[in-house]
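Shown next, in structure tokens, is the structure this report addresses.
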Amino acid sequence: MTANEAPTQTNFVKQIINEHNSSGRFGQKVHTRFPPEPNGYLHIGHAKSICLNFGIAEEYGGSCNLRFDDTNPTKEDTEYVDSIKEDIRWLGFNWEDREYYASDYFETLYEYALKLIGDGKAYVCELTGEQIREYRGTLTEPGKNSPHRERSVEENLDLFERMRKGEFPDGSHTLRAKVDMASPNLNMRDPVMYRILHAHHHRTGDDWCIYPMYDWAHGQSDSIEGITHSICTLEFEDHRPLYDWYVEQLGIHHPQQIEFARLNITYTVMSKRKLLQLVSDGIVDGWDDPRMPTISGLRRRGYTPSSIRDFAERVGVAKKNSTVEVAQLEHCVREDLNAHALRVMAVLNPLKVVLTNFPEDKVEYMEAVNNPEDASAGTRQVPFTRELYIERDDFMEDPPRKFFRLAPGREVRLRYGYIIKCEEVVKDEDGNVVELRCTYDEQTRSGMPEANRKVKGTLHWVSATHAVDAEVRLYEQLFSKENPDNVAEGETFMTNMNPQSLEIIRAQVEPSLVDAQAGTHFQFERKGYFTVDSRYSVPGAPVFNRTVTLRDTWAKISKQK
RNA sequence: UGGGGCGUAGCCAAGCGGUAAGGCAUCGGCCUUUGGAGCCGACAUGCGCAGGUUCGAAUCCUGCCGCCCCAGCCA
């Protein structure tokens, strides 16, 4: 972690830990875990949890385990475990040798189940799924006991063993905890501990045909690993009594579960189910499409690990359901990239400028600063010639007030170059501006005394004879509504897709960019931050992804009217 | 009509009985060879509402109101 990140602020999780430390509940020990299910790619919401869990462990001198919660073989895959590990590492966290899997504990869990059965606290139930639901009761009415609830210990042991052996088909039997069918907390109404699933598991293969449910696996896994603080999201609050019940019945180490509010961001969706749908419906390019809020998508988009960590720190941790404005995230990348990205000039929408008084074959090299925020980044030489490209938006034939750029008869500064004046506008038959004929003032080359003359605007440019043609991908929000899930009856979040979320253009970029390496961050001066795409770039033909635009005061002004 | 949570500015979020931190956004101004960055300033007589306790309440008590979660053999 770099030293210049915002100082960490307090939150209710740390307060709870502080209380434990002063009461001595865990003997000053702090041991957390990040427990993803390998059934999808990690997204920025997970990043918040990762930063919280690893961050707290680090802050209190403890450690954080990585544990895959792989108890449902029908949804999980090694592709996901690989991507999850890569993403956590990229974010800058290290679980060292503490890489665990809930499936590592299947045998222990089975023995724990035997103990509960032996203690008369669990039983094999033969109700169908539908019957279980009926017997569970409703929110306002208590449930009723399963007819199999009072089987003998011997019979339960026999049946459970045969479940494991594979004697029964899927769905025919479950092992249930004997808690309280009248509990106002539905999770306590004899929850299912094991279900029969004749499915191939990505790690245990065909060793098992019974798999533990989340509630039965999670707390016990925490306990086995000696976790002190089991941090999860709000929807598990109702599960805490069951979490506590299991470890109490077993008489094993009892971690403290703590719940916090998951992250939501405007103009995006954050559920794995919905992200998976975008991928499988081909709406996006894959889990790592630069428009996705996945860690891999953000990485490809050009976000940096420290900007994401900074974001997680800034949004804080609390129990209030909230939606953070995407502007907050964008601020975090801009701040990081402003300090570190090399400046270059690239013209996204070119308009040719001919300097009529500039010698035909002359090439002047202008010294350009690589990063005004960091002198050690040095300078580079940029070729300047008679024919240049400037941004089409930087010229207006009939400019409004406050437009500081080029217009007929007006002067403007070319960054690191000369002050030029627009003398003539060349149009095609349809009246489109195709070229500007300008003159340059040779006394105003950057560095000369005359260059300090006041001119309203400074434009970026690129030499037409040296420019490299490159693909640039401009991204907008994936959804056009602040809350994509806010839809009319019968519609889904898919109706809120933003059809303009990706625009692919050809740009003219300065020659130094031909060999730019994938993943390198640049600031295209006056336009935004861009990074070299890791999928579509090839040596000599870079493809740039726009990470985020620069703050644009002019856009704000011109939109106001 | 059951249970579990949560309400502090447009968005996050501190605050824990002594008189509303900070960030983002927004709006002014300065500065600037990026309309970037930076700098300065403004931005809750107010903490969901109503009562009460107290010298003093966002913090304690009571009652309301609003929002979120729970009836998977998902996690």
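Chain letters run A, B, ... following the sequence lines, proteins first and then strands; every chain starts at 1.
- Note on A:Ala451: a base of the nucleic acid sits closer than 4.0 angstrom, heavy atoms only.
- With a cut-off of 3.5 Å on both Watson-Crick or G-U wobble distances, the partner of B:C60 is given as B:G52.
- Using Watson-Crick or G-U wobble geometry with both donor-acceptor distances under 3.5 Å, B:C67 finds its partner in B:G5.
- Look at A:Arg195 and you'll find a side-chain N or O under 4.0 angstrom from OP1 or OP2 of B:C74.
- Applying the side-chain contact (heavy atoms from CB on, under 4.5 Å) test to A:Ala217 and every residue at least two apart in sequence or in another chain returns A:Thr71, A:Leu109, A:Pro212.
- Of the side-chain N and O atoms in A:Lys320, one or more sit less than 4.0 angstrom from OP1 or OP2 of B:U8.
- Nucleic acid contact class of A:Tyr416 (heavy atoms, under 4.0 Å, all strands): base.
- Contact annotation: A:Thr71 side-chain N/O to B:A75 OP1/OP2 distance is under 4.0 Å.
- No cation-pi contact links A:Arg415 to A:Trp461, judged by a cut-off of 6.0 Å to the six-membered ring centre and 45° from its axis.
- For A:Tyr100 (side chain) and A:Ser221 (main-chain N/O), no donor-acceptor pair under 3.5 Å exists by modelled atom type.
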Set out, line by line, the N/O atom pairs under 3.5 Å between protein and nucleotides 65-70 of chain B.
unit_1	atom_1	unit_2	atom_2	d
B:C68	O2'	A:Asn321	ND2	3.1

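- Counting any heavy atom pair closer than 4.0 Å across all strands shown, A:Phe68 reaches no nucleic acid atom.
- Counting only residues at least two apart or on different chains, no salt bridge (charged side-chain N to carboxylate O under 4.0 Å, His left out) pair has a member in residues 323-333 of chain A.
- Pairing for B:A21 is absent, judged as Watson-Crick or G-U wobble with the two contacts each under 3.5 Å.
- Taking only side-chain atoms of A:Phe403, from C-beta outward, the nucleotide of B:G35, B:A13, B:C6 with the closest atom is B:G35.
- B:C74: no Watson-Crick or G-U partner with both key distances under 3.5 Å is found in any strand.
- Within the nucleic acid shown, A:Gly447 comes within 4.0 Å of at least one base atom, counting heavy atoms only.
- Scored by the side chain to side chain donor-acceptor pair (under 3.5 Å) test, A:Ser463 finds A:Thr385, A:Thr465, A:His466 as partners (sequence neighbours excluded).
- Every side chain to side chain donor-acceptor pair (under 3.5 Å) that A:Glu411 has, sequence neighbours left out, goes to A:Arg453.
- In this structure, the side-chain contact (heavy atoms from CB on, under 4.5 Å) partners of A:Asn371, at least two apart in sequence or on a different chain, are A:Arg343, A:Glu373, A:Asp374, A:Ala377.
- Within the nucleic acid shown, A:Ser446 comes within 4.0 Å of at least one base atom, counting heavy atoms only.
- Not counting sequence neighbours, the partners of A:Thr379 by the side chain to side chain donor-acceptor pair (under 3.5 Å) test are A:Glu367.
- Screening residues 174-191 of chain A for salt bridge (charged side-chain N to carboxylate O under 4.0 Å, His left out) gives A:Arg149-A:Asp190, A:Glu150-A:Lys178 as the qualifying pairs, with residues at least two apart or on separate chains.
- Under the stacking definition used here (centres under 5.5 Å, planes under 30°), the residue A:Tyr214 fails to qualify as stacked on the base of B:A75.
- Take the nearest nucleotide of RNA chain B for A:Pro35 and for A:Thr553: the residue whose nucleotide is more 5' is A:Thr553.
- For A:Ser307, the side chain to side chain donor-acceptor pair (under 3.5 Å) partners at least two apart in sequence or on another chain are A:Thr304.
- With hydrogens and angles ignored, no donor-acceptor pair under 3.5 angstrom links the side chain of A:Thr140 to the base of B:U1.
- Toward the 5′ end of RNA chain B lies the nearest nucleotide of A:Val317, the other residue of the pair A:Val317 and A:Phe404 mapping further downstream.
- Looking at residues two or more places apart in sequence or on another chain, you find a side-chain contact (heavy atoms from CB on, under 4.5 Å) between A:Asn264 and A:Thr323.
- Annotated as syn: B:G72, whose O4'-C1'-N torsion sits within 90° of 0.
- Between the side chain of A:Glu37 and the base of B:C74 there is no donor-acceptor pair of N/O atoms closer than 3.5 Å.
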Polar atom pairs (N or O), protein with nucleotides 40-43 of chain B, under 3.5 Å:
none

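- Across all strands shown, B:C47 has no partner, as no Watson-Crick or G-U wobble contact with both distances under 3.5 Å is found.
- Looking at heavy-atom distances under 4.0 Å, A:Glu330 makes no contact with the nucleic acid at all.
- Heavy atoms of A:Thr323 sit under 4.0 angstrom from primed sugar atoms or phosphate atoms, though from no base atom.
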Exercise. Quick one, give me the B/S/- string for nucleotides 20-31 of chain B, reading 5' to 3', where B means a protein heavy atom under 4.0 Å from the base and S means that only happens at the primed atoms, P, OP1 or OP2.
Key: -B-BS-SS----
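- Between the base of B:G72 and the side chain of A:Arg133 there is no donor-acceptor pair shorter than 3.5 Å.
- Checked for salt-bridge contact, A:Asp393 and A:Arg405 miss the test: no charged N lies under 4.0 Å from a carboxylate O.
- Within a 6.0 Å radius of NZ in A:Lys274, other residues, nucleotides and ligands contribute more than 12 heavy atoms.
- As judged by a 4.0 angstrom heavy-atom cut-off over every strand, A:Lys402 is placed among the base-contacting residues.
- In the set B:G35, B:A71, B:U33, the nucleotide with an atom closest to the side chain of A:Arg136 is B:A71.
- Residue contacts for A:Leu127: at a heavy-atom cut-off of 4.0 Å it reaches a base atom on one of the strands shown.
- Here B:G38 sits opposite B:C30 as a Watson-Crick or G-U wobble pair (both hydrogen-bonding atom distances under 3.5 Å).
- The side chain of A:Glu237 approaches B:G5 more closely than any other nucleotide in the set B:G35, B:C12, B:G5.
- Between A:Arg405 and B:U33, a side-chain N or O to OP1/OP2 separation shorter than 4.0 Å is absent.
- Heavy atoms of A:Glu141 sit nowhere under 4.0 angstrom from any nucleic acid atom.
- A salt bridge between A:Glu225 and A:Arg33 is absent, with no side-chain N of the basic residue lying under 4.0 Å from a carboxylate O of the acidic one.
- Proximity note for A:Asp552 (side chain, C-beta onward) versus B:G36, B:G15, B:G35: the nearest is B:G35.
- Note that A:Arg203 lies in the cation-pi zone of A:Tyr101, set by a 6.0 Å cut-off to the ring centre and a 45° limit from the axis.
- The base-pairing partner of B:C16, taking Watson-Crick or G-U wobble contacts with both distances under 3.5 Å, does not exist among the strands shown.
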